[in-house]
Amino acid sequence: MGRAEERRARQRGGRRAAPPTRSSGTPSEGIAPGGRAAARKAAARGKKGAKKGKSGIRRLFTWKKILGAFLGFCLLGIGAFIVMYMMIDVPKGNAAAQKQSNIYRYSDGSVMARVGDTNREIVDLAEVPKPVQRTFVAAENKTFYTDAGVDLKGTARGLINTLSGKGKQGGSTITQQYVKNFYLDQDQTVTRKLRELVISLKVDRTTSKDDILAGYINTSYYGEGAYGIQAAAQDYYRVDAKDLSVEQGAYLAALLQAPSQYDWAVASPTGKKLVQARWNYVLDNMVEQGWLNKAKRDAMTFPVPKPPKADPGLEGQKGYMVKLANQQLEKQLVKTQGITQDEAEARVENSGWTITLNIDKKKQAQLEKSVKTQLISKLDPKKRPVDKNVQAGAASVDPKTGKIVALYGGTDYTKHFYSNANRTDYQPASTFKPVILAAALENASETQGGKAIGANTIYDGTSKRQVVDSNGNKVGFGPENEDDANYGKVTVQTAMDKSINSVFAQMGVDVGMDKVLATATKLGMDTGELKPLPAYTLGTMGASPIQMAGVYATLDNHGKQVTPTIIKSAEQGGTETRMPDPIGAQVISREAADTVTSVLTGVVDDGTAKKSVQQNPARDGRKVAGKTGTSDDNKSAWFTGYTPDLVTSVGLFGEDYKTHGQSKLYNTAGLDRVNGGGFPAQIWAAYTFGVAAENSKFDLDTDQGAAVQPTWTPSPSVSRSETPSSTPTTEKPSETPSETPSETPSQSPPSQSPSQSPPTGEQSTPVEITTSPENPFDPNGDQ
């Protein structure tokens, strides 16, 4: 076969046919006759098989099938998402994200204490300046105001990173971060991220952008233990959120990316560079969005945060103030919302209250200083065990407003839980005597001889004189005067100056003890279910310094009731709870109140408080009214006094430092006994003359008492009976003027433990006195 024929044969048999040999195909060349044709057929079959195999793969992975599979997968995903969207509801807010500290402020607005496990104080978005709001949007989510609440690209990246174990990744919108903080948790799981996506879409549809932004800045963590923008503003710049500048806001917004790394106080040099770069990024974004003028932006400098400081706690007097504020707020919630006491306590504790107190920082500091210099510095517990048992309590009230401007509850709230300013388990003793006179004046009462009772009314001041009723019958009660002193015929003014028990015991019966107790209630004392016994003329019920300050403040306020209150305002979540008005109705006439005030000026000028108060060089002409008191067995001593603009009640209490039961104050600081004219009056004077207005005068509507006329003071004679009708004081009297202790010993209160709640001035029941079956008028049956 020629070459031309071979070419034609190859063309007919295909290019892949086996090439012919150079020989003619003889057997000697190894190819049988007809072999070329067989070779051509075999080559054709091989080519056909190759084409057939390649076509099968193409049929399996065609673009149509790939597209279909992709679309099917998408439809499956969409279906699954629809199912999730229908099944997943927006849950209730995370309880931990809603817990807040309670913030307690002084009257000037400065923070006194922050109480709670979580340093958070939620504020309304309206309280945050608009430019500061935008710093957070510029930092985290520039499209916040226009997007649908989710970033699908960022979420997908987060899911991939979670599946690959790369951990936390950014890229979420503000809405998603808010949902994570408020509704979910910080777990890095696929399930949580999918729920975050669904809930974010729903929240964005049902919640305004402002509410979402408010939730975001209030729930985010800013470092230094601060949750929410208000706590962060205070911690980093010592200002409220409403007072933040744009520069400061940009720093707080920058912090959210990495609080521990960007916290200036602990940041490394690299961390400080990074947070400054982040700060610049935030401000540049604001310029880009048209939210900040470029010239102003260029003039801004980085606002270095202030050094961190410890959260204010409950040490010293703070705990006593916080406790009283909580009690008064809880009482108001019970009254106005119809809830139980337990529910009220739950609503107040760790619930984001901002409570501004009436406490004046200057007056508070002066009161604490006065207790320290006039009492504590003179105690030596190592030398005298009794000095361990001395407890002081005091409350200072503005009589025109009812504000408690200073409070002393004890040595330290963390060491002595009970507030001595608010405890009602000790007798007010002779500080109750002005109440008896007020009742007599208000009820136009008369003596047994038919004489109107007033400052100049004459009474028999004989010690242990038996009290008689309106029929002239002895009632079985004859209290002893201090040191069993007999004064004979004395005026009521002198009886108040010298605190003569026998006079006021008779006066109480003349007025009617039911009327006396009713007047005490009107003036602010909690008389509870006390029976109208003559023994109460000596102040043998229980009362607190806060209560007694309220009584005397009502007198100072010309008979208009004053209820001491420590709360100036209480706000939660932008809503303020209305507190009751501390100034109430006219409970006794102005003339009666002013007459008592006039009489009480004599106690200071001529009586038991003369040395500590009237002769005090710091008095500087101030007009003062007041009354001393010392309870039976020297378990308590008082001075409650006032100037025209300030009322303060100071009490000293004997409390066994081990059992917390009542104990005697004899030999305290080396003195034979403690009188109201001693430590209590000295503390009162050091405090009052350091803060009260100078040259103030009482505006009195009366023609009676020491303030408007001179008084006559008799010289007492002292007689001792072999068998006294009341237990005499056996200890040697002090050399300074002192008032008469109560005749009826107080009933010892139950043993108290620091873990128990202290009694409250508003709620506690006064000490009950058990009458003797032999003598219903003698609480102890031994008079």
Side-chain angles (χ1 to χ4, degrees), residues 97-116 118-140 144-145 174 178 181-182 208-256 259 264 279 282-283 286 291-293 296-297 300-306 308-309 311-312 351-357 361 567-578:
Q98 298 178 70
K99 292 192 72 172
Q100 308 172 58
S101 296
N102 285 350
I103 308 299
Y104 300 84
R105 300 177 181 274
Y106 289 107
S107 60
D108 64 0
S110 59
V111 175
M112 182 194 78
R114 181 180 289 115
V115 181
T118 303
N119 181 12
R120 176 188 285 120
E121 180 184 355
I122 293 176
V123 295
D124 286 341
L125 190 65
E127 295 184 44
V128 182
K130 192 71 173 180
V132 175
Q133 297 176 29
R134 287 170 170 167
T135 62
F136 291 86
V137 178
E140 296 293 326
F144 169 70
Y145 290 110
I174 283 177
Y178 164 61
N181 292 339
F182 189 72
S208 71
K209 290 291 186 179
D210 279 353
D211 286 345
I212 292 172
L213 182 59
Y216 171 65
I217 64 175
N218 276 310
T219 58
S220 295
Y221 179 61
Y222 294 77
E224 286 190 12
Y227 289 84
I229 189 171
Q230 173 64 14
Q234 281 290 336
D235 281 2
Y236 289 102
Y237 293 110
R238 311 285 192 272
V239 298
D240 291 328
K242 64 183 178 65
D243 297 320
L244 284 169
S245 66
V246 174
E247 296 95 317
Q248 293 168 338
Y251 173 75
L252 298 183
L255 270 178
L256 297 183
W264 193 263
W279 178 80
V282 172
L283 296 177
M286 291 186 69
W291 295 336
L292 181 62
N293 179 275
K296 289 184 178 180
R297 159 59 191 114
M300 291 179 175
T301 57
F302 183 77
V304 176
K306 294 183 180 297
K309 66 177 182 178
D311 289 339
S351 297
W353 288 90
T354 297
I355 302 175
T356 302
L357 308 183
K361 290 174 74 172
I567 297 178
K568 181 178 181 180
S569 65
E571 176 268 330
Q572 182 189 43
T575 301
E576 184 171 340
T577 295
R578 187 179 181 85

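With sequence neighbours excluded, the residues forming a side chain to side chain donor-acceptor pair (under 3.5 Å) with Lys361 are Ser110, listed by chain and number. Considering only residues two or more places apart in sequence or on other chains, Arg297 meets the side chain to side chain donor-acceptor pair (under 3.5 Å) condition with Asn280, Asp284. Phe136 pairs by the ring pair (Phe, Tyr, Trp, His ring centres under 6.0 Å) definition with nothing, not counting sequence neighbours. The side chain to side chain donor-acceptor pair (under 3.5 Å) test applied to Ser101 returns no partner, not counting sequence neighbours. With sequence neighbours excluded, the residues that form a ring pair (Phe, Tyr, Trp, His ring centres under 6.0 Å) with Tyr221 are Tyr227. Residues forming a salt bridge (Lys or Arg N to Asp or Glu O under 4.0 Å) with Glu140 (at least two apart in sequence, or on another chain): Arg278. Shown here are the side-chain contact (heavy atoms from CB on, under 4.5 Å) partners of Glu571, two or more places apart in sequence or in another chain: Thr354. The side chain to side chain donor-acceptor pair (under 3.5 Å) search around Asp211 returns Ser208, not counting sequence neighbours. Evaluation of the side-chain contact (heavy atoms from CB on, under 4.5 Å) rule for Asn293 yields Ala295, Lys296 as partners, not counting sequence neighbours. Residues passing the ring pair (Phe, Tyr, Trp, His ring centres under 6.0 Å) test with Tyr251, sequence neighbours excluded: Tyr236, Phe302. Evaluation of the salt bridge (Lys or Arg N to Asp or Glu O under 4.0 Å) rule for Lys209 yields Asp147, Asp204 as partners, not counting sequence neighbours.
If you take OH on Tyr104 and CE on Met112, they are separated by 8.0 Å, rounding to the nearest 0.5 Å. To the nearest 0.5 Å, atom CD1 of residue Ile212 and atom CG of residue Leu125 are 11.5 Å apart. In this structure, CD in Gln230 is found 10.0 Å from CG in Asp235, a value given to the nearest 0.5 Å. In this structure, Arg114 CZ and Asn119 CG are separated by 4.0 Å, a value rounded to the nearest 0.5 Å.
By the 4.5 Å heavy-atom criterion applied to side chains, Trp291 and Gln133 are not counted as neighbours. With a 4.5 Å cut-off on side-chain heavy atoms, Ile217 and Tyr222 count as touching. Between Asn218 and Arg120 the shortest side-chain heavy-atom distance does not fall below 4.5 Å. Counting heavy atoms from C-beta outward, Leu244 and Val128 have side chains that stay 4.5 Å or more apart. Using a 4.5 Å cut-off on side-chain heavy atoms (C-beta onward), Leu357 and Ile355 make contact. You'll find the side chain of Trp279 reaches within 4.5 Å of the side chain of Pro303, heavy atoms only. Using a 4.5 Å cut-off on side-chain heavy atoms (C-beta onward), Leu283 and Val246 make contact.
When atom types are taken as modelled, the side chain of Asn102 and the backbone of Trp353 share a donor-acceptor pair closer than 3.5 angstrom. Distance alone, capped at 3.5 Å, is enough to place a donor-acceptor pair between the Lys568 side chain and the Ser107 backbone.
The two residues Val123 and Ala241 make their nearest non-hydrogen contact at CG2-CB, 4.5 Å. Between Pro259 and Gly223 the shortest heavy-atom distance is CB-N, 3.7 Å. Taking each heavy atom of Val132 and Ser245 in turn, the nearest pair found is CG2-O, 3.6 Å. The nearest pair of heavy atoms linking Leu252 to Ala232 is CD2-CB, 4.1 Å.
The only option from Val239, Ile103, Val111 that meets the side chain to side chain contact (heavy atoms under 4.5 Å, CB included) definition with Gln234 turns out to be Val111.
Sorted by first and then second residue, the pairs that involve residues 236-249 and meet salt bridge (charged side-chain N to carboxylate O under 4.0 Å, His left out), not counting sequence neighbours, are Arg105-Asp240.
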